[in-house]
Amino acid sequence: MVPDGVCEVLLHACCAPCSSAIVEWLMANGVRPVIYYYNPNIWPREEYEIRKEESKRHAASLGIQWIDDDYNHQGWLQGICGLEGEPERGRRCEQCFTLRLMATARKAKELGIRYFATTLASSRWKSLEQIEHAGRTAEQAVGGVTFWAQNWRKGGLQERRNQLLKEYGFYNQQYCGCEFSAHNGALTKPLLRQQMRDAKRQHVDQLQAMSQTISEQLYRRLVDSRVVMAYWPLPDEVDLRPLLDKLVARGCLVLLPKVLDDEQMELRRYQSVADLVEGAFHIMEPIGEPFVDDEQIDVALIPGMAFDAAGHRLGRGRGYYDRFLSTHFSHLTSHHSPLLVGVCFPFQRVATVPTEDHDVCMDEVCS
């Protein structure tokens with residue numbers, strides 16, 4: 001129902017699909033919407049740009065005003081700092097709504113538009129109570145503007161949304177937008193990889209100190225190991241180089257992977273940096289003869305982009321480790337099979353890693 005005297009509204013839009021039926025209804029009821037696209041929560045940037053362009057295209061097709069605001073994802077992360085682990089519909093979501101509707105209220109006041117509303121209230125994944133509370137908070141904080149609280153799920157708008165989605169051929173996202181939302185299994189492998197890359201950039205000054213701590217833990221863990229499969233680190237991986245030399249000095253046989261032309265790997269002995277040459281993906285690889293006695297390996301240290309509590313591992317997407325582990329270790333009995341230890345930084349341990357049938361699970365994770 002349209003409040004008395006409303007002829008214009010600043011409509012905060014999260015995406016084109018959610019806006020479409022609402023905008024149509026507003027125009028049919030004599031209300032001129034001005035679309036305000038302010039969604040710094042959306043991640044990664046590529047996802048944000050896709051949703052933005054779709055919203056812009058939708059507004060242009062109807063000849064209505066469309067306003068873009070700053071994509072300050074870092075500022076948004078600071079705004080929800082400490083709430084990252086909250087569940088969907090938890091305190092993180094309410095804080096996110098408040099940040100975005102506060103900006104909407106300020107923009108409405110700047111433009112001289114009395115009423116503001118949001119398409120967030122059209123999503124069944126969101127709490128209407130949280131959205132209304134956020135809108136009222138923004139209304140009171142800014143002053144001179146009024147939040148139009150409306151349940152946009154009723155009156156056939158959900159059904160109409162689905163029709164318009166098909167008519168316009170909109171890109172239809174499968175998750176809320178932020179890197180912390182994973183309902184409906186929507187946190188895909190590419191999204192999680194991007195999240196981990198972003199996290200590494202945020203912790204870049206701490207990676208070396210973290211590596212030292214992890215290497216010390218692993219050295220104690222490997223005290224009884226005679227043959228260890230390890231890896232030569234990429235710049236953004238846990239740096240095991242000092243650990244490798246300590247193991248060799250202790251008399252341990254250390255094995256490193258070498259990538260072959262057929263997208264397979266084999267293991268070769270590491271004794272010192274002098275044994276290495278640059279190989280595939282600019283990773284240093286050992287020279288010498290292949291090591292083929294898989295049953296002798298006590299522990300395999302496996303890098304990854306992310307790990308969960310169940311030992312599920314997210315790799316870089318090329319499948320080298322999964323193919324190697326399946327080919328070389330899956331046929332061994334539990335007595336002869338090496339202990340698989342995932343190695344990562346603490347922030348790479350996540351609640352859930354998306355998995356596929358060919359993914360190999362770790363026995364332990366060291367971070």
Side-chain angles (χ1 to χ4, degrees), residues 42-48 73-74 77 84-85 174-175 177-182 185-215 217-218 229-241 243-244 256-259 263-265 279-285 299-326 329 339-367:
I42 298 177
W43 172 94
R45 182 64 184 254
E46 294 79 5
E47 178 76 17
Y48 172 85
H73 186 64
Q74 193 60 42
L77 286 172
E84 295 89 344
Q174 298 299 315
Y175 69 111
C178 82
E179 57 259 57
F180 308 109
S181 83
L187 188 60
T188 63
K189 287 185 175 183
L191 284 170
L192 186 53
R193 288 190 184 101
Q194 183 61 50
Q195 179 181 342
M196 292 298 102
R197 285 192 288 268
D198 290 345
K200 288 176 180 180
R201 283 193 289 270
Q202 292 171 20
H203 292 86
V204 65
D205 295 333
Q206 303 166 299
L207 298 186
Q208 197 55 48
M210 291 180 184
S211 291
Q212 182 177 344
T213 300
I214 296 166
S215 292
Q217 293 176 17
L218 284 171
M229 171 186 168
Y231 63 90
W232 193 262
L234 288 167
D236 65 345
E237 292 178 334
V238 175
D239 188 355
L240 297 185
R241 290 174 295 179
L243 171 67
L244 304 184
L256 299 182
K258 175 178 174 54
V259 173
E263 297 191 339
Q264 300 294 324
M265 295 194 314
F281 313 111
H282 305 290
I283 300 173
M284 301 302 289
E285 299 178 338
V299 178
L301 305 180
I302 312 298
M305 292 294 286
F307 297 87
D308 63 22
H312 298 128
R313 169 185 174 272
L314 178 72
R316 292 181 178 267
R318 295 181 180 272
Y320 283 98
Y321 274 98
D322 286 319
R323 284 192 293 273
F324 178 88
L325 297 176
S326 297
F329 298 154
L339 183 76
L340 304 183
V341 179
V343 181
C344 67
F345 297 109
F347 57 81
Q348 291 178 274
R349 300 190 74 154
V350 299
T352 304
V353 169
T355 59
E356 300 175 59
D357 291 341
H358 61 265
D359 294 333
V360 176
C361 198
M362 302 294 102
D363 298 308
E364 297 178 9
V365 179
C366 180
S367 60

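It should be emphasised that the depicted structure is a prediction, and the values quoted were computed from it without experimental measurement. Along the sequence shown, residues are numbered consecutively beginning with 1.
Residues Y231 and L256 come closest through the heavy atom pair N-CD2, 3.6 Å. Nearest heavy atom pair, residue I302 against residue Y321, reads CG2-CD2, 3.8 Å. G311 and V365 make their closest contact through CA-CG2, 4.4 Å (heavy atoms, listed as atom of the first residue, atom of the second, distance). Closest approach of D322 and V360 over heavy atoms only: OD1-N, 3.0 Å.
Looking at F345 and H203, their side chains never come closer than 4.5 Å, going by heavy atoms from C-beta outward. Looking only at side-chain heavy atoms (C-beta outward), C366 and I214 come within less than 4.5 Å of each other. Contact check for S211 versus V238: side-chain heavy atoms found under the 4.5 Å cut-off. At least one side-chain heavy atom of L243 sits less than 4.5 Å from a side-chain heavy atom of L301. Side chains of R323 and M265 form no contact here, defined as non-hydrogen atoms less than 4.5 Å apart. Looking at heavy atoms from C-beta onward, S367 lies out of side-chain contact with Q348 at the 4.5 angstrom threshold.
Between D359 and the choices R313, H312, K189, the side-chain contact (heavy atoms from CB on, under 4.5 Å) rule is met once, by K189. Here the options are Q194, M196, H73, the test is side-chain contact (heavy atoms from CB on, under 4.5 Å), and the partner is E179; only H73 passes.
Side chain of D363 to backbone of L340: a donor-acceptor contact under 3.5 angstrom is found. Remark: side-chain polar atoms of R193 are not paired, donor with acceptor, to backbone N or O of A306 under 3.5 angstrom.
Separation of atoms CG (L77) and CD (E84) is listed at 7.5 Å; rounding is to 0.5 Å. For the atom pair CH2 of W232 and CG of L244, the computed distance is 6.5 Å after rounding to the nearest 0.5 Å. For the atom pair CG (L325) and SG (C361), the distance works out to 11.0 Å, reported to the nearest 0.5 Å. F329 CZ to M229 CE: the interatomic distance, rounded to the nearest 0.5 Å, is 5.5 Å. Note that CD of E47 is 11.5 Å distant from SG of C178, once rounded to the nearest 0.5 Å. Here M305 contributes atom CE and E237 contributes atom CD; the two are 8.5 Å apart, rounded to the nearest 0.5 Å.
Take R241 and apply the salt bridge (charged side-chain N to carboxylate O under 4.0 Å, His left out) test, not counting sequence neighbours, and it matches D239. For R318, the side-chain contact (heavy atoms from CB on, under 4.5 Å) partners two or more places apart in sequence, or in a different chain, are F281, Y320. Scored by the salt bridge (charged side-chain N to carboxylate O under 4.0 Å, His left out) test, D236 finds K200, R316 as partners (sequence neighbours excluded).
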